[in-house]
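Only one structure is covered here, and it is reproduced in the block below.
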Amino acid sequence: MGVTMGLNLLLLMAMVATNILSLYHLSSTLQTPKPPTPQPVPDHLLHQLHTIRATINHLTRHHPSPSTATSKTTKPTVPSDLLLYSQLSPIASSCHDHPDLLHKYMTYTPFSLCPLDSDLAESLSLRGCHPLPRRRCFTRTPPKLTSSLPMNPFPPSLPDSSVVWAKYSCKSFSCLGGKNPNLGFDLPHELSNFMTYKSELDLPIPQLFQIAKAANSVLRLGIDIGGGTGTFAARMKLYNVTILTTTMNLGIPNNEAVALRGLVPIHAPLQQRLPVFDGVVDLVRCGHAVNRWIPVTALEFLLFDADRVLRGGGYLWLDHFFSKGVDLEKVFGPLIGKLGYRKVKWATASKNDSGGLKNGEALLPIFAVYELPLLRRWVSFIEQ
């Protein structure tokens with residue numbers, strides 16, 4: 001009996017203690033101050049995040065997970081080229097693959113000077129994060145601008161004061177020219193480019209105009225893909241031909257040099273669709289940037305985009321394209337042949353350096369083609 005009473009008393013004390021602890025915890029919870037209200041996210045960041053999220057969601061819907069793909073056997077309604085290109089150059093959704101670079105790029109003070117991060121912007125563009133998110137900041141300008149652009153695109157020198165050199169290792173154009181004359185900044189050295197016939201691998205500009213004249217064609221507008229400092233556009237300007245130059249800086253002021261020569265630079269990577277309307281240019285030249293290092297499918301998209309902007313009877317010029325001999329025969333020759341162009345000039349030569357001999361590379365430096373889409377496109381129009 002005494003044991004039972006003692007046990008009941010112990011249980012009663014435990015119940016009371018538990019209730020007291022519960023009341024204390026409840027009162028302390030009620031007295032805890034509310035957490036501070038989070039600061040609102042700036043509108044410009046919300047707009048950018050919504051845009052990127054919408055793009056990612058759009059592409060994700062067309063790339064189902066493996067479990068979903070096995071359960072559903074229906075054919076996708078999205079064109080296969082869109083799915084393929086979304087993997088090669090994912091239409092700005094690659095920004096999602098590089099959050100650290102994107103966060104660093106978008107970390108700035110609005111309504112003030114932009115940070116010196118053009119190399120960061122270029123890195124994002126080359127990784128497929130293009131077009132880049134817009135920002136509300138002011139671009140830095142050099143301390144002393146030129147009063148006017150030169151009429152002669154081959155001036156004796158380019159003004160150093162018109163470039164913001166803080167982001168480059170060299171601090172003058174003479175430094176760049178002395179480091180490597182083939183970079184395109186030594187303008188006296190550039191004077192002979194595209195004008196002399198040194199070997200079968202060259203196509204001087206006078207010969208290009210002879211080809212166009214023999215075909216009753218006209219050269220007025222063109223695009224130079226990967227044109228460096230714009231020497232080809234500069235030379236064509238002297239023939240009253242307007243050439244747009246696509247070029248990336250990659251640590252040297254290529255775009256600034258093109259503009260200082262009175263020409264038009266387009267800061268665009270190779271995987272970007274050319275910002276030109278369909279069938280409006282007479283000539284597309286692909287410089288040294290277009291070579292065998294480009295993935296084959298990406299190169300195919302690039303060539304067909306060049307075909308898109310060329311008018312009927314226009315010219316495509318692959319200048320010093322190089323590849324291994326076996327790839328030239330089995331890969332790149334058939335790839336270019338898909339365009340259905342008539343060959344105007346075709347020349348190959350083995351590389352004479354040690355690397356070329358070791359790897360069995362062959363130069364395909366000139367593949368100037370005369371496009372004959374008038375009949376091809378006219379027939380397609382009738383069939384439709």
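Small disclaimer: the values here were computed from a predicted structure and weren't measured.
- Applying the ring-ring contact (aromatic ring centres under 6.0 Å, His included) definition to pairs two or more places apart or across chains, those involving residues 173-199 are W165-F173, F173-F185, F194-F232.
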Let me have the donor-acceptor pairs involving side chains of residues 249-258, under 3.5 Å, with sequence neighbours excluded, atom names and distances please.
{"unit_1": "N249", "atom_1": "OD1", "unit_2": "N254", "atom_2": "N", "d": "3.4"}
{"unit_1": "N249", "atom_1": "OD1", "unit_2": "N255", "atom_2": "N", "d": "3.0"}
{"unit_1": "N249", "atom_1": "OD1", "unit_2": "N255", "atom_2": "ND2", "d": "2.6"}
{"unit_1": "N249", "atom_1": "ND2", "unit_2": "Y168", "atom_2": "OH", "d": "2.9"}
{"unit_1": "N249", "atom_1": "ND2", "unit_2": "E256", "atom_2": "OE1", "d": "3.2"}
{"unit_1": "N254", "atom_1": "ND2", "unit_2": "M248", "atom_2": "O", "d": "3.0"}
{"unit_1": "N255", "atom_1": "ND2", "unit_2": "T247", "atom_2": "O", "d": "3.3"}
{"unit_1": "E256", "atom_1": "OE2", "unit_2": "Y168", "atom_2": "OH", "d": "2.6"}

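- Cation-pi check for R261 over F154 is met; the charged atom lies under 6.0 angstrom from the ring centroid and within 45 degrees of its normal.
- Checked for salt-bridge contact, E300 and K338 meet the test: a charged N lies under 4.0 Å from a carboxylate O.
- Seen from the ring of F277, R308 does not count as a face-on cation partner, given the 6.0 Å and 45° thresholds.
- Among the candidates C170, P181, S169, the single residue satisfying the side-chain contact (heavy atoms from CB on, under 4.5 Å) test with L176 is C170.
- In this structure, CH2 in W317 is found 15.0 Å from CD1 in I223, a value given to the nearest 0.5 Å.
- Side-chain heavy-atom separations under 4.5 angstrom define the hydrophobic clusters, and the remaining members of the one that includes L113 are F138.
- Think of L116 as one node in a network of Ile, Leu, Val, Met, Phe, Trp and Tyr side chains linked at under 4.5 Å; its network also takes in V164.
- Not a single donor-acceptor pair under 3.5 Å links the side chain of T109 to the backbone N or O of S112.
- For residues 99-124, the pairs satisfying salt bridge (charged side-chain N to carboxylate O under 4.0 Å, His left out) are D117-R135, with sequence neighbours left out.
- The closest donor-acceptor contact from the side chain of D282 to the backbone of G222 lies at 3.5 Å or more, if one exists at all.
- Note on ring orientation: taking the six-membered ring where Trp is involved, the planes of F321 and F332 are perpendicular (angle over 60°, cut-offs 30° and 60°).
- Listed for the R127 side chain is a donor-acceptor partner under 3.5 Å among the backbone atoms of S123.
- One distance of note links CG of L191 with CG of L187; it measures 7.5 Å at 0.5 Å rounding.
- Put simply, the residue from T246, I266, L244 that forms a side-chain contact (heavy atoms from CB on, under 4.5 Å) with P275 is I266.
- By the salt bridge (Lys or Arg N to Asp or Glu O under 4.0 Å) test, D160 pairs with no residue at all, sequence neighbours left out.
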